[in-house]
Peer 1: 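One structure is given below, represented as C-alpha cells, and several questions about it will come after.
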Protein chains: 2
Amino acid sequence: MEKQTFLKKSPLFYGIGDKEAMLRRLSGGEQVYERGERILSAGKICERIGVILEGSADVVREDAEGVPVTVARIAEGEFFAEAFACSGRALAVSVEAAVRSKVLWISVCRLFESGGSEILANFLRVFAQKNVFLTERIGHLSRHSLREKVISYLHGVARSAGSATFQIPFDRQGLADYLGCDRSALSAMLSRLKREGVLDYYKNSFRFTEKLG
Amino acid sequence: MEKQTFLKKSPLFYGIGDKEAMLRRLSGGEQVYERGERILSAGKICERIGVILEGSADVVREDAEGVPVTVARIAEGEFFAEAFACSGRALAVSVEAAVRSKVLWISVCRLFESGGSEILANFLRVFAQKNVFLTERIGHLSRHSLREKVISYLHGVARSAGSATFQIPFDRQGLADYLGCDRSALSAMLSRLKREGVLDYYKNSFRFTEKLG
DNA sequence: AAGATTCCGTTGTCGTTGCAACGTAAAAAG
DNA sequence: CTTTTTACGTTGCAACGACAACGGAATCTT
C-alpha cells in the first residue's frame, strides 16, 4: 500500500485538506522490518503510532508464565500502539513483523503539539469507536456461560444489522477467539442452539428463529 | 461537587488556561434528574458527554432476553456516554439516575468545532488510557480457565506495582464481576492457589510466593 | 452491647466446557 | 484430476465452574 493510498483511505486523515503536508508535520519516519524482526518491545515507552504500509505484524503478549502468545495480527493499512503512545503508558505487548514489512511512524508529540484540531478530532473519533467495540466485546466476554456468550454476541450483530438474518465476520476459530472459548465447544453450542430451534445457520449466515429482543 | 472542582480535577481540562471560558464554549447545559429518572436511552444518538456533578448514575444494558442489567455505576466527578457521543454511534446502554443527580453536559460538536487543540489532546489521552484498560481486561477475560484469569489479573497488577506484593482495588464480588466469574468460585480458586503455594493474601493485599514472570 | 448487615470462604451438586482426537467436506495447491 | 490443506462438526472424558446454601467474621447501626 502506498502512502498516498493510506492517506486517502484512513479515517485518521478524513477531511484534512493537504494530507501530505499534514503527514510531513506528523511524520516520525518510515522503516522496513524483516520477517520476525521485533518492531516494539513490551515494557518500553512508545511515542509513535505505527502504520503498516506493507506486510503485516503480530501483536505478542507474554502470559503469566512468560510464554509468548500472539493476540492479534495487524494487516496492511492498519495501525498499532496508538493507545499506548497516546496515553504515555508502557507497552503491555510486543509487536513483530510477520513478513518483511514497511512501517510508517506518526509522532504523537507532534500530533499533540503541532497537529490541528481537525486531525485530533479524527483521532478522537477513531479512539471512541474502538472504545465502543472493546466495551461491546467485554459485554459478551463477561457472560458466565458459553450459551450466553454466543447469544449475546449474535443478538448484538442482529441488532446492528437491524434484522434477524445476518452474517458474521468470523470463521468458527475467529469467533471462538473473540468469545474466549474453545472452537469445538462453540461448534457444539451452535448446533445445540440450532437443534433447540433458537437459531438457524449455514456457514457465516445466521438467523434467529425466535423473536428478537 | 462544584463545577469548579470538576474543572480543576478532571484530566479533560488539564493544562487549559481559562477552564471556565473553555467550559462555556463547550457547555451543553446542566440538568437535574430525580432518582430513577432516565438520563439516556439505548438506541438513541447522543451528541453530548455527561458529567455527574452531584449524585450517581447506573449504566443499564438490556440482555438478549430484554432483561435490564446494571453493568456499571458512574460516581460523582465521572463522565459517561463519551465513547458513543464522540464516535456518533447509537447508545448500546441506557443511563439512569441512581439518586437525585446533577449532570453537566459537554457538547461534542462544539468540542470538535470550537474546542482548541489542547483540550482535544486531553480527551485523546483520556480515551487512549481507557482503551488500554479495556484491552487489559479483555486479556484477562479471554483466558479459558478461572485459574488463568485470576493469575493473569494478579500478575498484571503485580507488574504495574513493580513488586510481588501489591493491593487490588476490588473486593471479592468486584473482582468476580471484573473477571466475569462467580464470587464463590473466585474465593475457592484464591484459596486453592494459596494452598498450592502460588499466592498468599489477606483481604486485598496479595503476594506472589513464586518468581514473578 | 446487641442486632443487623456485609463480606468472605467452604461445601456439594450438576450441568458445562476445555481438550484431544477423529471424520468429513470443501477449498487450495500441485 | 489428485493431493494437500483447511474448516467444521461430533464424540468422549475429566476437570471445571456456576449456583445455591450455609456459617463465621468483621463492620455498621441503633
Side-chain angles (χ1 to χ4, degrees), chain A residues 56 63-65 67 69-71 73 75 98 138-154 157 167-207, chain B residues 56 63-65 67 69-71 73 98 138-154 157 167-207 209:
Chain A
S56 59
D63 75 2
E65 293 84 35
V67 181
V69 185
T70 298
V71 294
R73 165 151 294 187
I138 286 178
H140 307 316
L141 282 169
S142 302
R143 309 314 298 256
H144 287 196
S145 77
L146 179 52
R147 182 192 188 90
E148 288 178 311
K149 286 182 186 180
V150 171
I151 292 185
S152 170
Y153 169 72
L154 292 177
V157 180
Q167 311 229 3
I168 65 172
F170 293 118
D171 61 10
R172 295 290 181 274
Q173 183 62 60
L175 182 54
D177 291 342
Y178 179 84
L179 294 179
C181 68
D182 183 74
R183 181 195 58 79
S184 69
L186 170 62
S187 269
M189 180 56 68
L190 285 175
S191 51
R192 177 175 166 181
L193 291 172
K194 182 191 277 189
R195 200 176 339 120
E196 291 180 5
V198 179
L199 273 182
D200 198 10
Y201 63 88
Y202 175 73
K203 300 201 178 204
N204 295 340
S205 300
F206 287 76
R207 186 169 61 84
Chain B
S56 59
D63 74 3
E65 292 83 35
V67 182
V69 184
T70 297
V71 294
R73 165 152 295 186
I138 286 178
H140 307 316
L141 283 170
S142 301
R143 310 313 300 256
H144 287 196
S145 77
L146 180 52
R147 183 193 187 89
E148 288 177 311
K149 287 182 185 180
V150 171
I151 292 184
S152 171
Y153 169 73
L154 292 177
V157 178
Q167 311 232 0
I168 65 172
F170 293 119
D171 61 11
R172 294 291 181 274
Q173 183 62 61
L175 181 54
D177 291 343
Y178 179 84
L179 294 179
C181 68
D182 183 72
R183 181 194 57 78
S184 69
L186 170 61
S187 269
M189 181 55 68
L190 285 175
S191 51
R192 176 175 167 183
L193 291 172
K194 182 190 280 190
R195 199 177 339 118
E196 291 180 5
V198 179
L199 271 184
D200 198 10
Y201 62 90
Y202 174 72
K203 300 201 179 205
N204 295 340
S205 299
F206 288 76
R207 188 169 60 84
T209 308

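Computed from heavy atoms alone, side chains included, the values below leave out hydrogens, waters and symmetry copies. Within every chain, numbering begins at 1; the chains are lettered A, B, ... in the order of the sequence lines, protein sequences first and strands thereafter.
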Peer 1: Please verify the inter-ring angle class for Y153(B) with H140(B); under 30° counts as parallel, over 60° as perpendicular, anything in between as tilted.
Peer 2: perpendicular

Peer 1: Looking at R183(A) and dG9(D), is any side-chain donor or acceptor paired with a base atom of the opposite kind under 3.5 Å?
Peer 2: yes

Peer 1: Between E148(A) and A185(A), who's closer to the 5' end of DNA chain D by nearest nucleotide?
Peer 2: A185(A)

Peer 1: Nearest to the side chain of C181(B), which nucleotide is it out of dA26(C), dA18(D), dA26(D)?
Peer 2: dA18(D)

Peer 1: Judged by atom type as modelled, is there a donor-acceptor pair below 3.5 Å linking the side chain of Y201(A) to the main-chain atoms of S191(A)?
Peer 2: yes

Peer 1: side-chain contact (heavy atoms from CB on, under 4.5 Å), that's the test. Do D63(B) and S152(A) meet it? Break it down for me.
Peer 2: CA-CA 7 Å; D63(B) 74 3; S152(A) 170; over 6 Å; no

Peer 1: Looking at side-chain heavy atoms only, is the closest gap between K194(B) and D200(B) below 4.5 Å?
Peer 2: yes

Peer 1: Once you round it to whole Å, what is the distance between C1' of dT5(D) and CG of D171(A)?
Peer 2: 14 Å

Peer 1: Does anything in residues 186-201 of chain B come within less than 4.0 Å of DNA chain C? Heavy atoms only, and list the residues if so.
Peer 2: S187(B), S191(B), Y201(B)

Peer 1: Taking atom C1' of dT5(C) as reference, at what distance in whole Å does atom CD of Q173(B) sit?
Peer 2: 15 Å

Peer 1: Could you check F170(A) against D177(A) for side-chain contact (heavy atoms from CB on, under 4.5 Å), going step by step and ending with a plain yes or no?
Peer 2: CA-CA 10 Å; F170(A) 293 118; D177(A) 291 342; over 6 Å; no

Peer 1: Quickly work out the L175(A) CG to dG9(D) P distance and round it to whole Å.
Peer 2: 11 Å

Peer 1: Between R147(A) and L193(A), does a side-chain contact (heavy atoms from CB on, under 4.5 Å) hold up when you go through it step by step?
Peer 2: CA-CA 8 Å; R147(A) 182 192 188 90; L193(A) 291 172; 3.8 Å; yes

Peer 1: For side-chain contact (heavy atoms from CB on, under 4.5 Å), just list the numbers for R172(A) and N204(A), CA-CA rounded to whole Å, side-chain angles, deciding distance to a tenth of an Å, and then say yes or no.
Peer 2: CA-CA 9 Å; R172(A) 295 290 181 274; N204(A) 295 340; 3.9 Å; yes

Peer 1: Separation of R147(A) atom CZ from dT17(C) atom P, in whole Å?
Peer 2: 10 Å

Peer 1: Using a heavy-atom cut-off of under 4.0 Å over every strand shown, decide if S184(A) touches base, sugar-phosphate, or nothing.
Peer 2: base

Peer 1: Can you tell me how far C1' of dT17(C) sits from NZ of K149(B), to the nearest Å?
Peer 2: 12 Å

Peer 1: Specify the separation, in whole Å, of atom CG of L146(A) and atom P of dA15(D).
Peer 2: 21 Å

Peer 1: Just to confirm, is there a sub-4.0 Å distance from OP1 or OP2 of dT17(C) to any side-chain nitrogen or oxygen of H144(B)?
Peer 2: no

Peer 1: Could you check whether D182(A) gets within reach of a base, just the sugar-phosphate, or nothing at all, counting any heavy atom under 4.0 Å?
Peer 2: base

Peer 1: For K203(B) and dC7(C), what is the distance between atoms NZ and P respectively, to the nearest whole Å?
Peer 2: 12 Å

Peer 1: Can you tell me the distance, in whole Å, between the CG atom of L179(B) and the C1' atom of dA18(D)?
Peer 2: 15 Å

